Amino acid sequence: MQPPLSMTKLKLILKAQGMTQLDLHNKSKKMCIVPIPKYALSKIYTGKLKNFSVPTLIKLCKCLNLTPSDIVSVAEYDELFKQGKSKEN
């Protein structure tokens, strides 16, 4: 099920876990050698940044105790592919 347009997956996850962006940032400071920057969290949270790095995704997963598919879905990136074409074509 896709979240409403105004709700990103990260917003829904943080709400479900009773966390704020600052809580997540602070947790990443404790868990990660290089924490997730506040500006990056804000952009992911608001949906302004969809193309974030694999290390950021892994940090989010570790801090939130989730898997990558809990945070991103292939359907969110359909606009990267031509309609009716597979990735191999």
Side-chain angles (χ1 to χ4, degrees):
M1 180 175 151
Q2 292 291 338
L5 291 177
S6 62
M7 296 292 284
T8 62
K9 277 190 155 186
L10 186 57
K11 277 185 190 179
L12 294 172
I13 290 165
L14 290 180
K15 185 176 181 178
Q17 294 194 11
M19 294 178 73
T20 65
Q21 292 178 61
L22 185 57
D23 294 333
L24 179 55
H25 171 72
N26 289 335
K27 190 169 184 178
S28 78
K29 282 173 52 176
K30 290 178 184 175
M31 294 181 69
C32 306
I33 294 171
V34 178
I36 306 167
K38 288 180 188 176
Y39 72 87
L41 281 176
S42 177
K43 287 185 175 191
I44 295 167
Y45 184 87
T46 59
K48 293 178 181 175
L49 178 62
K50 286 187 176 183
N51 190 17
F52 48 93
S53 68
V54 171
T56 298
L57 178 60
I58 291 168
K59 290 174 189 179
L60 287 170
C61 291
K62 289 284 192 184
C63 291
L64 296 168
N65 197 30
L66 298 171
T67 64
S69 63
D70 294 326
I71 297 172
V72 296
S73 68
V74 174
E76 292 178 52
Y77 297 92
D78 281 346
E79 72 271 4
L80 298 176
F81 302 100
K82 295 179 181 178
Q83 293 295 329
K85 301 279 185 181
S86 69
K87 290 190 287 188
E88 296 84 28
N89 290 346

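Counting begins at 1 with the first residue of the sequence. Just so we're clear, the structure is a prediction, and the values are computed from it rather than from any experiment.
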If you round to the nearest 0.5 Å, how far is CG of Leu14 from CG of Leu22?
11.0 Å
Would you call Ile44 and Thr56 a side-chain contact if the rule is heavy atoms closer than 4.5 Å?
yes
Rounded distance [0.5 Å steps], CG in Leu60 versus CG in Asp70
11.5 Å
Side chain proximity check, Gln17 to Asp23, heavy atoms < 4.5 angstrom
no
How close do Cys63 and Cys32 get, counting heavy atoms only, and between which atoms?
SG-SG, 4.2 Å
Quick one: CE on Met19 to CG on Leu10, what's the gap to the nearest 0.5 Å?
9.5 Å
Do Ser42 and Gln21 come within less than 4.5 Å of each other through their side chains, counting heavy atoms only?
yes
Co-membership, hydrophobic cluster, residues Val72 and Leu66, 4.5 Å side-chain:
yes
Residue pair Leu24, Tyr45: steps toward the side chain to side chain contact (heavy atoms under 4.5 Å, CB included) verdict:
CA-CA 11 Å; Leu24 179 55; Tyr45 184 87; over 6 Å; no
From Thr67 OG1 over to Leu57 CG, what is the distance, rounded to the nearest 0.5 angstrom?
9.0 Å
Can you name the one residue among His25, Met31, Lys30 that meets side chain to side chain contact (heavy atoms under 4.5 Å, CB included) with Ser28?
His25
Nearest-0.5 Å distance that lies between atom NZ in Lys29 and atom NZ in Lys38:
6.5 Å
Between the main-chain N or O of Val34 and the side-chain N or O of Lys59, is there a donor-acceptor pair closer than 3.5 Å?
yes
In Å, rounded to the nearest 0.5 Å, how long is the span from OG1 of Thr8 to NZ of Lys50?
10.0 Å
